[in-house]
Structure formats: structure tokens, C-alpha cells
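In what follows, a structure is listed as C-alpha cells, so that the remarks can point back to it.
Keep in mind that the numbers below use all heavy atoms, side chains included, and drop hydrogens, waters and symmetry copies. Just so it is clear: chains get the letters A, B, ... in the order the sequence lines come, proteins before strands, and each one is counted from 1.
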Amino acid sequence: MNAIITRFAPSPTGNLHIGGVRTALLNYVITQKAKKKFPKSKFLLRIEDTDKIRSNNEFKNNIIDELNWMGFHHDDEPYIQSERIKRHQEVALDLLENNKAFKCICKPAELEKKRNENMKKHTNVKRLCTKCENSHDVQKLKNGYVIRIKIPNSENITLTDLVQGGITVENQEIDNFIILRNDGTPTYMLAVVVDDFDMGVNLIIRGDDHLNNSFRQFYIYKNMHWPIPQYAHIPLIHGEDGKKLSKRHGVLNISEFKEKGYLQEAIINNLILLGWAPSNDDEIISLEEIINNFEIKNLSKSSSIFNYDKLNYFNCYYLRKDTNVKKFHDYSQTNPQLKTFYRKDKEKLKRIFNIYKTKINYYKELENISPIYFEENFVTKKNILLNKEFKELLKKCIILLENLDLWESIKIEDLIKNFINTNKIKFISFGKPLRFTLINLENGPAVSDIFFILGKKNSILRLNNYIKG
RNA sequence: GACCCCUUCGUCUAUCGGUUAGGACAUCAGGUUUUCAUCCUGGAAAGAGGAGUUCGAUUCUCCUAGGGGUCGCCA
């Protein structure tokens with residue numbers, strides 16, 4: 001056994017998606033685990049941008065940035081597939097010269113028509129070009145053709161997949177796929193194999209939507225006399241409707257999760273539990289523990305549905321940890337609204353976070369919560385709770401508050417408790433209108449915490465303004 | 001339509017032939033609490049259906065049904 005070389009190979013035709021993050025996570029975890037035994041193991045990143053029309057740099061940068069943000073650092077510089085076209089062409093010509101591939105001049109529209117007809121007739125839709133391979137005229141052409149791979153007709157292939165197990169496919173089910181396009185550029189099917197071989201990739205972990213491709217790509221490996229890598233085709237994540245995850249399922253790009261204030265460890269914890277479970281019952285699990293315990297062979301073969309409730313549960317758990325207070329600080333610098341509050345009074349913002357962290361699922365929720373505490377010309381709204389008796393009590397209470405030197409939640413709480421005791425009233429009958437007077441909300445944090453957030457001066461100002469108004 | 005894969009509570013899963021089928025999220029009910037939340041305790045909730053193999057099947061085999069993936073000069 002040797003070092004394990006894995007790769008994450010996204011195409012930059014969109015931003016990094018939660019499904020892609022999971023694939024990257026699994027590649028990363030497996031490689032880190034392997035590194036403990038074989039330090040030369042590597043996790044590579046390859047940008048598959050052979051589709052020039054749909055690929056762009058913005059997507060490429062997003063993928064690289066977000067992968068780094070997640071903490072899935074790759075070894076080596078990112079490989080850019082389009083820079084290796086010459087090499088891909090070389091392999092295509094090699095296959096052609098060795099009679100492992102052939103030129104084809106079939107028109108896409110004709111093949112499309114034939115495919116539809118064959119589907120209706122319930123016959124094979126895989127070998128649609130039947131004439132070109134045996135036509136001397138076509139094979140002698142100097143241009144205006146595509147190059148297709150040759151697949152023997154009567155054999156079958158069995159591949160052993162680390163997740164899916166042994167799978168056998170008849171060659172009849174494999175098409176003579178194109179390896180070099182009309183314009184001389186390589187297709188994905190060729191480029192992916194050439195690059196994986198050249199980079200020494202020996203374990204391919206990818207979505208099981210590629211499972212069928214393995215059987216096609218097998219013939220490039222075989223004809224080039226290259227070793228077949230190990231495969232692990234992981235089941236896809238689905239939306240709540242059981243369908244492949246897509247836009248209509250809501251937030252999906254990792255950038256959006258980041259922007260909302262989800263933490264990396266919550267996302268990782270949530271994703272690793274799709275299709276896998278740790279041997280003990282403890283589902284709160286760190287990346288380090290995942291690396292130590294995860295086994296790809298224990299991954300489920302069936303797809304799983306992405307669940308926001310559980311993600312929120314994990315995020316809520318992690319963002320409350322004291323060790324993650326710094327993350328809130330970092331987040332507040334990336335969120336425009338929180339950043340202005342931070343500049344105004346960073347201590348106040350921090351107090352808000354500490355008091356609200358048991359009530360929120362992700363940081364962005366503080367956007368709606370914070371403004372009331374930063375409002376400079378605060379005016380208490382009308383409310384049925386604010387009756388005459390309350391007003392009279394409040395006047396007395398303000399005097400006590402003004403005399404309180406140490407403005408801390410516990411001290412304030414004691415003061416209010418004493419106050420209600422001496423006045424023989426119930427906490428709730430005084431506390432609730434008091435909360436409303438301060439922040440125009442009936443429900444929320446303990447009133448002593450609200451006082452603490454606002455600070456002595458501002459709290460008393462708000463109360464006095466209410467009394468006057 | 002063809003090929004390949006899958007099927008345990010609503011969701012994610014545990015179980016490597018014998019279990020009161022376990023856990024987590026969500027949900028419901030109590031309790032703590034200063035409202036909301038947190039937290040604690042408890043409840044309800046599952047082997048797609050049918051054959052077989054076996055003393056015994058959630059577990060092994062087959063069939064059916066349902067779901068998913070693939071079938072591009074996209075990746």
C-alpha cells in the first residue's frame with residue numbers, strides 16, 4: 001500500500017454548492033486519515049474548465065475561496081484543466097493511431113433523432129454511429145470530424161467501488177463516447193482520465209452521478225495501459241422533495257450559508273452525518289474525530305435528504321461555545337449592518353450576541369435584533385401593559401436604578417427582585433411592561449439583561465422618556 | 001424506454017439471523033425559569049409489499065412496487 005492521492009475536481013460553471021462541499025469534505029477527510037499512515041498522501045484541487053462557454057473566473061475564485069474558508073486546504077497549486085489541452089490531444093491522437101479510437105462525422109441532430117427513435121423501439125441507444133468506424137473515407141479525413149473511443153461489443157466490465165461494491169456492466173451499454181471535439185478540444189471524459197493519471201490520482205471520490213462514467217473511462221485507462229484507480233461513488237444529497245438538490249430547494253451555495261452566519265464546524269458536522277454515523281451515539285463530532293473515525297466503506301449507498309433543522313441545531317450548538325466568540329467578531333466585520341453597529345459600540349454588540357446566542361440559529365438573525373438597542377431616538381410605543389399603576393411603580397424604580405453603581409445583570413436583577421418584594425407585586429406584572437418600555441417587545445431576554453445591554457445611561461433615558469411622554 | 005443503484009420512525013441513522021428495533025433532529029406533554037428561549041424529564045413515531053431459505057428474518061435470496069442516477073461535441 002502506498003500514499004493516497006485524491007482530488008476534488010469541480011467545474012467553474014457555478015458557485016461552490018453544498019453538495020460539492022460534501023464531496024470535498026469526504027476527499028479531505030480520507031486524505032488526512034491516509035496522511036497519518038502515508039505522509040506523502042495528497043488532496044488535490046483541479047478546476048475542470050474545458051467548457052469555455054460556461055466556465056468563468058468568478059466561479060473559479062469562489063470555489064477556491066470557499067474551500068479555503070471551510071478549511072479544506074489542498075496540496076499543491078490548483079490544477080487548471082484548460083492549461084493541459086495539448087496533453088489531452090496527444091492522448092487522443094495516441095488512441096487514434098493505435099486503432100483504439102476512430103473519426104466520426106455524424107451530425108448531432110441526426111444522432112439525436114436516431115436516439116429518440118431507438119428509445120421508442122426499446123432498442124440500444126448507445127451505439128448510434130455505426131458507419132464511420134468502418135468507412136475508409138471518413139478515417140482518411142484531415143478535418144471536420146470528432147474522435148470517438150472504440151468499445152468492444154461483446155464483453156463486460158466489473159468495477160469494485162468502495163461504496164457501491166462490485167458492479168458489472170455489459171459493453172453494449174457503453175457508448176462510443178467522444179474524446180476530442182470537432183474543434184479539436186478534449187471532452188471531460190478524456191481530460192478527467194488523462195489528468196487523474198498524470199497527477200497520480202489513485203482514489204477517486206465523487207458523486208454517484210459519475211458511476212456510469214467510470215465504465216466509459218475504464219477504456220481510456222485500459223487502452224493507454226494505465227492503472228485503474230480505486231473508486232468511491234458517494235450518493236447524492238437530495239432536497240426535501242427527494243429530488244437532486246437544486247436552486248428551488250433554497251439556500252445551497254456555501255457562500256450563502258457563510259453570509260447567513262453558519263459555522264464551518266456545524267456544516268461539517270451536519271454533512272458528515274448524511275450517510276454515515278459514528279460508532280458511539282454522540283453526534284456532536286469534530287473534524288479531528290471525523291478524520292480518526294470515518295470509514296468510506298461504512299457510507300450508505302442511498303441518497304439522503306438535506307435537513308435545515310438539524311443544521312440549525314448544530315449551528316446553534318457551536319455558535320454558543322465560548323471558543324467561538326471570535327467567530328462572531330469576524331462575522332460582524334463581513335456583515336455591513338453589524339459592522340456599523342460594531343463601529344458605534346462594539347461592546348454593546350458583543351453583549352447583544354452573548355445574551356441572544358441561545359435564541360438564534362445563525363448570526364445573521366442579529367440583523368433584526370440589534371437595531372432596537374442602537375436606536376438613538378427611541379420612543380416606547382403604546383401598549384395595553386403600560387397602565388397607570390405601572391407608570392407609578394416605574395417612577396420609584398428609576399430612582400433605585402439611578403443609584404445603582406455596578407451596572408451588571410446580576411445586580412440589576414437583585415435590585416428588581418427587591419423592588420417587587422417591597423411593593424408586593426409579581427415579577428411578571430412588572431417585568432413584562434418594563435421590557436416593553438425598553439425595547440417595544442413583550443418577549444425577549446430577561447429585563448436585567450436588556451438593561452445590561454443598553455447600559456445605565458441609555459436605559460434610564462428610555463424609561464424617563466416614557467414617563468414624560 | 002434501457003441500464004445501474006437504493007428502500008428501518010416526518011428527516012439523518014444504529015442493528016454485521018435471536019433486540020421491549022437504539023440514538024439524533026423535528027414534534028407533543030410535563031418540569032426549571034422573569035416572558036421568549038435555553039436546559040431537564042417523559043411520550044408518540046419505523047423495517048414498502050409478497051414469496052422463499054431457516055428452529056427463527058429488519059438482516060440472506062427472488063419477485064413486485066416505489067424512489068433515485070445515467071443515457072450531450074456539459075461536467
Side-chain angles (χ1 to χ4, degrees), chain A residues 9-14 48-51 53-55 81 104 106-108 111-112 115-116 118-126 128 145-148 161 163-165 167-170 172-175 177-189 191-192 206-213 215-216 233 235-236 238 240 242-244 270 273-284 300-314 316 320 355-360 413 416-417 420 426-432 434-436 441-449:
Chain A
S11 65
T13 53
E48 308 222 316
D49 57 346
T50 49
D51 183 346
I53 296 163
R54 283 191 254 182
S55 301
Q81 192 158 62
C104 166
C106 293
K107 296 266 181 300
L111 297 177
E112 176 74 25
R115 181 177 301 112
N116 289 335
N118 284 12
M119 247 183 209
K120 279 180 197 158
K121 285 191 282 182
H122 302 196
T123 53
N124 196 307
V125 299
K126 300 293 178 181
L128 298 170
Y145 54 81
V146 300
I147 298 180
R148 290 181 181 274
D161 188 284
V163 175
Q164 308 288 337
I167 299 170
T168 302
V169 169
E170 297 295 325
Q172 290 289 349
E173 298 301 329
I174 304 169
D175 62 325
F177 61 90
I178 293 171
I179 56 176
L180 212 63
R181 299 185 188 108
N182 202 11
D183 63 1
T185 60
T187 59
Y188 158 81
M189 215 59 73
V192 73
R206 72 216 315 189
D208 68 5
D209 50 340
H210 282 292
L211 184 60
N212 293 286
N213 287 339
F215 294 89
R216 313 213 262 173
H233 285 96
L236 264 21
H238 287 182
E240 312 246 320
K243 301 261 194 271
K244 200 172 166 182
N270 185 248
L273 258 25
L274 299 179
W276 180 78
S279 50
N280 59 5
D281 275 336
D282 192 3
E283 293 199 342
I284 298 285
S300 165
K301 283 187 186 187
S302 52
S303 53
S304 44
I305 293 172
F306 188 79
N307 185 262
Y308 287 96
D309 282 330
K310 196 140 185 182
L311 206 221
N312 283 339
Y313 163 76
F314 284 123
C316 189
R320 277 151 58 182
I355 284 158
Y356 274 91
K357 64 188 176 188
T358 59
K359 299 174 191 294
I360 58 171
E413 191 182 328
I416 294 171
K417 273 183 178 165
I420 61 166
K426 279 196 168 177
F427 200 110
I428 186 96
S429 63
F430 184 66
K432 210 156 185 174
L434 188 54
R435 178 183 298 107
F436 194 88
L441 292 169
E442 289 185 28
N443 296 325
V447 285
S448 53
D449 285 334

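A:Ile178 has its CD1 atom 14 Å from the C1' atom of B:C71, to the nearest Å. Nucleotide B:A37 holds its P atom 14 Å from the CG atom of A:Leu441, rounded to whole Å. Atom CD1 of A:Ile179 is separated from atom C1' of B:C74 by 17 Å (rounded to the nearest Å). Between the CG atom of A:Asn118 and the P atom of B:G72 there is a distance of 12 Å, rounded to whole Å.
Phosphate contact (OP1/OP2 of B:C39, side-chain N/O of A:Arg320, threshold under 4.0 Å): present. Between B:U34 and A:Ser448, no contact under 4.0 Å exists linking OP1 or OP2 to a side-chain N or O. Distances shown here put every side-chain N or O of A:Lys301 at or beyond 4.0 Å from the OP1 or OP2 atom of B:C5. Contact between the side-chain N/O atoms of A:Ser300 and the OP1/OP2 oxygens of B:C12 is not found at any separation under 4.0 Å.
Across B:C73, B:C4, B:A75, the shortest atom-to-atom separation from the side chain of A:Asn182 is found for B:C73. Residue A:Glu173 places its side chain closer to B:A2 than to any other of B:A75, B:A2, B:U38. Among the nucleotides B:U34, B:A75, B:C5, the one closest to any side-chain atom of A:Ile167 is B:C5. When each of B:U35, B:U7, B:C73 is scored by its nearest atom to the side-chain atoms of A:Ala446, the top-ranked nucleotide is B:U35. Taking every side-chain heavy atom of A:Lys417 into account, B:U34 is the closest of B:A75, B:C3, B:U34.
Separation of the C1' atoms belonging to B:C6 and B:G18 is 27 Å when rounded to the nearest angstrom. Atom P of B:A37 sits at a distance of 12 Å from the matching atom of B:A29, rounded to the whole Å. The separation of B:U20 from B:U58, taken at their C1' atoms, amounts to 16 Å, rounded to a whole angstrom. When the P atom is compared between B:U59 and B:U15, the two are found 15 Å apart, to the nearest whole Å. Here, B:A75 and B:G67 have their P atoms 31 Å apart, quoted to the whole Å. Here the separation of B:G49 from B:U7, taken at their P atoms, is 14 Å to the nearest Å. B:G66 and B:C60: their C1' atoms are spaced 22 Å apart (whole Å). Of the C1' atoms belonging to B:G68 and B:G42, the separation is 38 Å, rounded to the nearest Å.
Both distances falling under 3.5 Å, in either a Watson-Crick or a G-U wobble arrangement, occur for no nucleotide opposite B:U32. B:C25 is paired with B:G10 under the criterion used here, namely a Watson-Crick or G-U wobble arrangement in which both key atom distances are under 3.5 Å. Base pairing of B:G18 is made with B:C55, judged by Watson-Crick or G-U wobble geometry with both donor-acceptor distances under 3.5 Å.
Between A:Cys316 and A:Thr358, every side-chain heavy-atom pair lies at or beyond the 4.5 Å cut-off. Side-chain contact between A:Gln164 and A:Lys301: present, with at least one pair of heavy atoms (C-beta onward) separated by less than 4.5 Å. Contact annotation: the side chain of A:Asp208 never approaches that of A:Val163 to less than 4.5 Å [non-hydrogen atoms, C-beta and beyond].
Contacts of A:Arg181 classified as salt bridge (charged side-chain N to carboxylate O under 4.0 Å, His left out), with partners at least two apart in sequence or in another chain: none. Here A:Lys126 pairs with nothing under the salt bridge (charged side-chain N to carboxylate O under 4.0 Å, His left out) rule; sequence neighbours left out. Residues satisfying the salt bridge (charged side-chain N to carboxylate O under 4.0 Å, His left out) test with A:Asp449, not counting sequence neighbours, are none. By the side chain to side chain donor-acceptor pair (under 3.5 Å) test, A:Lys243 pairs with no residue at all, sequence neighbours left out. Applying the ring pair (Phe, Tyr, Trp, His ring centres under 6.0 Å) criterion to A:His238, with sequence neighbours excluded, gives no partner residue. Taking A:Ser302 as the reference, A:Ser300 meet the side-chain contact (heavy atoms from CB on, under 4.5 Å) condition, with sequence neighbours excluded. In this structure A:Asn182 satisfies the side-chain contact (heavy atoms from CB on, under 4.5 Å) test together with A:Val146, sequence neighbours excluded. Under the side-chain contact (heavy atoms from CB on, under 4.5 Å) criterion, A:Ala277 pairs with no residue at all, not counting sequence neighbours. Contacts of A:Phe430 classified as ring pair (Phe, Tyr, Trp, His ring centres under 6.0 Å), with partners at least two apart in sequence or in another chain: A:Phe390, A:Phe419.
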What nitrogen or oxygen pairs link the protein and nucleotides 23-25 of chain B at under 3.5 Å?
| from | atom 1 | to | atom 2 | distance (Å) |
| --- | --- | --- | --- | --- |
| B:G23 | N2 | A:Glu283 | OE2 | 2.8 |
| B:A24 | O2' | A:Glu283 | OE1 | 2.9 |
| B:A24 | O2' | A:Lys310 | NZ | 3.2 |
| B:A24 | N3 | A:Lys310 | NZ | 3.1 |
| B:C25 | O2' | A:Lys310 | N | 3.4 |

Tabulate protein N/O versus nucleotide N/O from nucleotides 67-69 of chain B, keeping only pairs under 3.5 Å, one per line.
| from | atom 1 | to | atom 2 | distance (Å) |
| --- | --- | --- | --- | --- |
| B:G68 | OP1 | A:Lys243 | NZ | 2.3 |
| B:G68 | O2' | A:His238 | NE2 | 3.4 |

Show each protein N/O and nucleotides 41-47 of chain B N/O combination with a separation under 3.5 Å, one pair to a line.
none

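To the nearest 0.5 Å, atom CD of residue A:Glu240 and atom CD1 of residue A:Ile305 are 7.0 Å apart.
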